[in-house]
Student: 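Sending over a structure as structure tokens; questions will come in a sec.
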Amino acid sequence: LGFFGDVNDTLGFYLQFQGLENTPDRRVTPTGVSGEGGSAAFNIIDAYLTFYLDDPFQLIVGKFKNAFSRSNLEGCAIPITLDRSPYVYEPYRVSRDFGFALWGNLWDAKLGYKLAIMEGRDGSRGNNLEPGGNAISQLRYEGRVHLSLMGPEFMYGYGGTYMGSRRVLTFGAGYSYEPSVVYADMGDLAAGIAPSGEKDYTAMTIDAFFEYPYSFATVTLSAAAFNFSWDDAYKGARPDTSSYGYRGERSGYYAKGAYMPVWKLGSGKIQAFVRYEKWEFAWLGPMWDQALTVTEFGFNYYLYNDVLKITLDYSSTVFDVEEVGPNPTYANYNTATLGIQMHY
């Protein structure tokens, strides 16, 4: 549920509420199937002001999407696939964070940039310990740039597909940095061993997006590669748990595509899609140097001028090394999903 608008030609606002995905009924997680489910909540996920000074200089202040990756900045309602990959998110604040971003478009919107200073990790108690020091130096600094060789992508966010309304070829890159985000060794407070050493967080991504409305169909292709690093903090004797796991130190890539014929099926349009991704993790569950692949395919069916979307999706997750035992957490699994979405 969202509210947005413009106060005048310069000032705008955006406020969005959402029931969190991790509800008690949810059993399928990014790396397996849980018997416990999650916890329900209804939160403010976006709350920010926008300041339009000129095309090259625009400002966002508040809680909003991180500027790092194209995947995160693609509209939640219009990805090619059923949902974006769970492995592309940054740690700690994941998709949204508090801060401000200066962004804009140059050369008739062929070149776009985003520069952001965000809060990043915020933990000082219990198991969420964060190294002390200068709070300013521990903010997260992010930058992103893209080059559009066909039609411009001139918004802060991107489309996962433009449904054949644009001709787009865009190449992008992002960088994220947060100093002293974890300890090299968490120590043991009960034994009187204090945490020691500090490690920085860095992340890099490159991506490409292509969409073209041919006479017979609209073809969409998208790919990206990522690297998330804590400078090998997971190798410490007592590493910070946030430096490993499926949102910890890792690298990977995805490639996906869609095909939408110009003809209609009944009163709606159909779009076939596929996705393949490969990820390598420093430490996932009980496994060092674990890796997984995800293969996904399905169909979107759009009705009422794309307001209503029905999706049939099938995905397969395969680990390089399956966990053995009576109740494995990391075991190969397949998921079939039938979803319906209305977006206006």
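Bear in mind the structure is a predicted one, so any value in this text is a computation, not a measurement.
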Student: Around atom CZ of F17, are there more than 12 heavy atoms of other residues, nucleotides or ligands at under 6.0 Å?
Tutor: yes

Student: In plain terms, say whether E119 and R93 are close enough for a salt bridge, that is, a side-chain N and a carboxylate O under 4.0 Å apart.
Tutor: yes

Student: With no hydrogens and no angle check, do the side chains of S242 and D240 hold a donor and an acceptor under 3.5 Å apart?
Tutor: yes

Student: Can you find a pair of side-chain heavy atoms, one from I270 and one from F299, that are under 4.5 Å apart?
Tutor: yes

Student: Find out if a path of hydrophobic residues (ILVMFWY) with successive side-chain heavy-atom gaps under 4.5 Å connects L308 to L338.
Tutor: yes

Student: Distance only, no hydrogens: is a donor on one side chain within 3.5 Å (strictly under) of an acceptor on the other, for S180 and E198?
Tutor: yes

Student: Quick one: does R121's side chain have a donor or acceptor within less than 3.5 Å of a partner on V181's backbone?
Tutor: yes

Student: Could you list who else is in Y244's hydrophobic cluster, with ILVMFWY side chains joined at under 4.5 Å, directly or through other members?
Tutor: Y234, W283, W288

Student: Under 3.5 Å, is there a donor-acceptor pair linking the side chains of E90 and S176?
Tutor: yes

Student: Would you say the side-chain atoms of S229 pair up with the backbone N or O of D231, donor to acceptor, closer than 3.5 Å?
Tutor: yes

Student: Do L115 and V145 belong to the same hydrophobic cluster, where Ile, Leu, Val, Met, Phe, Trp and Tyr are linked whenever their side-chain heavy atoms lie under 4.5 Å apart, directly or via other members?
Tutor: no

Student: Within 45 degrees of the axis of the six-membered ring of Y301 and under 6.0 Å from its centre: does K309 put its NZ or CZ there?
Tutor: no

Student: Are T337 and T335 close enough, and set up right, to give a side-chain contact (heavy atoms from CB on, under 4.5 Å), and what steps lead you there?
Tutor: CA-CA 6 Å; T337 307; T335 307; 3.7 Å; yes

Student: Quick check for you: to the nearest 0.5 Å, what is the distance between I60 atom CD1 and L102 atom CG?
Tutor: 10.0 Å

Student: Is any side-chain N of the basic residue among K278 and E280 closer than 4.0 Å to the acidic one's carboxylate O?
Tutor: no

Student: Kindly check if the number of other-residue, nucleotide or ligand heavy atoms within 6.0 Å of CD1 (I206) is above 12?
Tutor: no

Student: Donor-acceptor check, side chain of E277 to backbone of S85, threshold 3.5 angstrom: yes or no?
Tutor: no

Student: Hey, are the side chains of V294 and Y276 touching, using non-hydrogen atoms and a 4.5 Å cut-off?
Tutor: no

Student: May I ask you to say whether D46 pairs ionically with R96, meaning some side-chain N is under 4.0 Å from a carboxylate O?
Tutor: yes

Student: Checking N105 side chain against F154 main chain: does a donor-acceptor pair fall under 3.5 Å?
Tutor: yes

Student: Are the side chain of T205 and the backbone N or O of A225 linked by a donor-acceptor pair below 3.5 Å?
Tutor: yes

Student: Got a salt bridge between K65 and D97, using NZ or NE/NH1/NH2 to carboxylate O under 4.0 Å?
Tutor: no

Student: For the residue pair L15 and A47, what are the closest heavy atoms and their distance?
Tutor: CD1-CB, 3.8 Å

Student: What is the minimum heavy-atom distance between F228 and G248, and which atoms define it?
Tutor: CB-O, 4.1 Å

Student: Output the distance between atom CD (E178) and atom OH (Y92), rounded to the nearest 0.5 Å.
Tutor: 7.5 Å

Student: Run the salt-bridge test on E296 and R84 with the 4.0 Å N-O cut-off and return the result as yes or no.
Tutor: no

Student: Find out if a path of hydrophobic residues (ILVMFWY) with successive side-chain heavy-atom gaps under 4.5 Å connects Y48 to W103.
Tutor: yes

Student: Checking the side chain of Y89 only, and the main-chain atoms of P86 only, is there a donor and an acceptor separated by less than 3.5 Å?
Tutor: no

Student: Mind checking whether D306 and K269 have side chains closer than 4.5 Å, heavy atoms only?
Tutor: yes

Student: Write down the atom of R275, the atom of T81, and the distance for their closest heavy-atom approach.
Tutor: CB-CG2, 3.9 Å

Student: Give a yes or no on whether the backbone of Y87 and the side-chain of R250 come within a donor-acceptor separation of less than 3.5 Å.
Tutor: yes

Student: Same cluster for I340 and Y314 if Ile/Leu/Val/Met/Phe/Trp/Tyr side chains link at under 4.5 Å?
Tutor: no

Student: I'd like to know if R166 pairs up with E153 as an ion pair, taking the criterion as any Lys NZ or Arg NE/NH1/NH2 lying under 4.0 Å from an Asp or Glu carboxylate oxygen.
Tutor: no

Student: Could you check whether atom CZ of F4 has more than 12 heavy atoms from other residues, nucleotides or ligands sitting under 6.0 Å from it?
Tutor: no

Student: Counting neighbours of CG on D9 that are heavy atoms of other residues, nucleotides or ligands and sit closer than 6.0 Å, is the number greater than 12?
Tutor: no

Student: How far apart are the closest heavy atoms of L303 and S267, and which atoms are they?
Tutor: CD2-OG, 3.6 Å

Student: Ignoring hydrogens and angles, state whether a donor on the side chain of T295 or S316 is under 3.5 Å from an acceptor on the partner side chain.
Tutor: no

Student: Taking the side chain from E249 and the backbone from S243, do they hold a donor-acceptor pair closer than 3.5 Å?
Tutor: no

Student: With the side chain counted from C-beta on, respond yes when R167 and P213 share a heavy-atom pair under 4.5 Å apart, and no when they do not.
Tutor: yes

Student: Here's a test for you: under ring-ring contact (aromatic ring centres under 6.0 Å, His included), which of Y246, F226, Y253 qualifies with W279?
Tutor: F226

Student: Side chains of F51 and L11, heavy atoms from C-beta outward: is any pair under 4.5 Å?
Tutor: yes

Student: Within this structure, what is the CG-NZ distance for the pair D185 and K199, rounded to the nearest 0.5 Å?
Tutor: 11.0 Å

Student: Is there a side-chain contact between Y156 and F64 in this structure, where contact means two heavy atoms from C-beta onward sitting under 4.5 Å apart?
Tutor: yes

Student: Rounded to the nearest 0.5 Å, what's the gap from CZ on F209 to CD1 on I80? Could you check?
Tutor: 5.5 Å

Student: Flag the pair F210 / M150 as yes when at least one side-chain heavy-atom distance between them is below 4.5 Å, and no otherwise.
Tutor: yes

Student: Looking at N305, I want to see if its CG is surrounded by more than 12 non-hydrogen atoms of other residues, nucleotides or ligands under 6.0 Å.
Tutor: no

Student: Test your reading of the model: is there a side-chain donor-acceptor pair from E322 to the backbone of F319, 3.5 Å cut-off?
Tutor: no

Student: Distance only, no hydrogens: is a donor on one side chain within 3.5 Å (strictly under) of an acceptor on the other, for T50 and Q58?
Tutor: no

Student: Would a single hydrophobic cluster contain both Y14 and L59, if residues Ile, Leu, Val, Met, Phe, Trp and Tyr are joined by side-chain heavy-atom contacts under 4.5 Å?
Tutor: no

Student: Measure the spacing between OG1 of T170 and CG of L149 and express it to the nearest 0.5 Å.
Tutor: 7.5 Å

Student: Run the ring-centre check on Y214 versus Y212 and record whether the distance is less than 6.0 Å.
Tutor: yes

Student: Is the F297 to F273 ring centre distance short of 6.0 Å?
Tutor: no

Student: Taking everything shown except Y175 itself, do over 12 heavy atoms lie less than 6.0 Å from its OH?
Tutor: yes

Student: To the nearest 0.5 Å, tell me how far N66 CG sits from K114 NZ.
Tutor: 12.5 Å

Student: Of the non-hydrogen atoms in G164 and T218, which two are nearest, and what is the gap between them?
Tutor: CA-OG1, 3.4 Å

Student: Are any of the side-chain heavy atoms of N72 and V94 separated by less than 4.5 Å?
Tutor: no

Student: In the hydrophobic clustering (ILVMFWY, side-chain contacts below 4.5 Å, transitive), which residues join Y302, or is it alone?
Tutor: M163, M260

Student: Is the number of heavy atoms from other residues, nucleotides or ligands within 6.0 Å of CG (D108) greater than 12?
Tutor: no

Student: Taking the ring centre of each residue, are Y158 and H146 less than 6.0 Å apart?
Tutor: yes

Student: Counting distance only, does the side-chain N/O of N8 pair as donor-acceptor with the main-chain N or O of T10 below 3.5 Å?
Tutor: yes

Student: Can you label the angle between the W230 ring and the Y201 ring as parallel, tilted or perpendicular, going by 30° and 60°?
Tutor: tilted

Student: List the atom of S71, the atom of Y254, and the distance in Å for their closest heavy-atom pair.
Tutor: CB-OH, 3.7 Å

Student: Determine, step by step, whether T161 and E211 satisfy the side-chain hydrogen bond (donor to acceptor under 3.5 Å, both in side chains) criterion, reporting the C-alpha distance in whole Å, the side-chain angles of both residues, the deciding distance to 0.1 Å, and the verdict.
Tutor: CA-CA 7 Å; T161 174; E211 184 163 278; 2.8 Å; yes

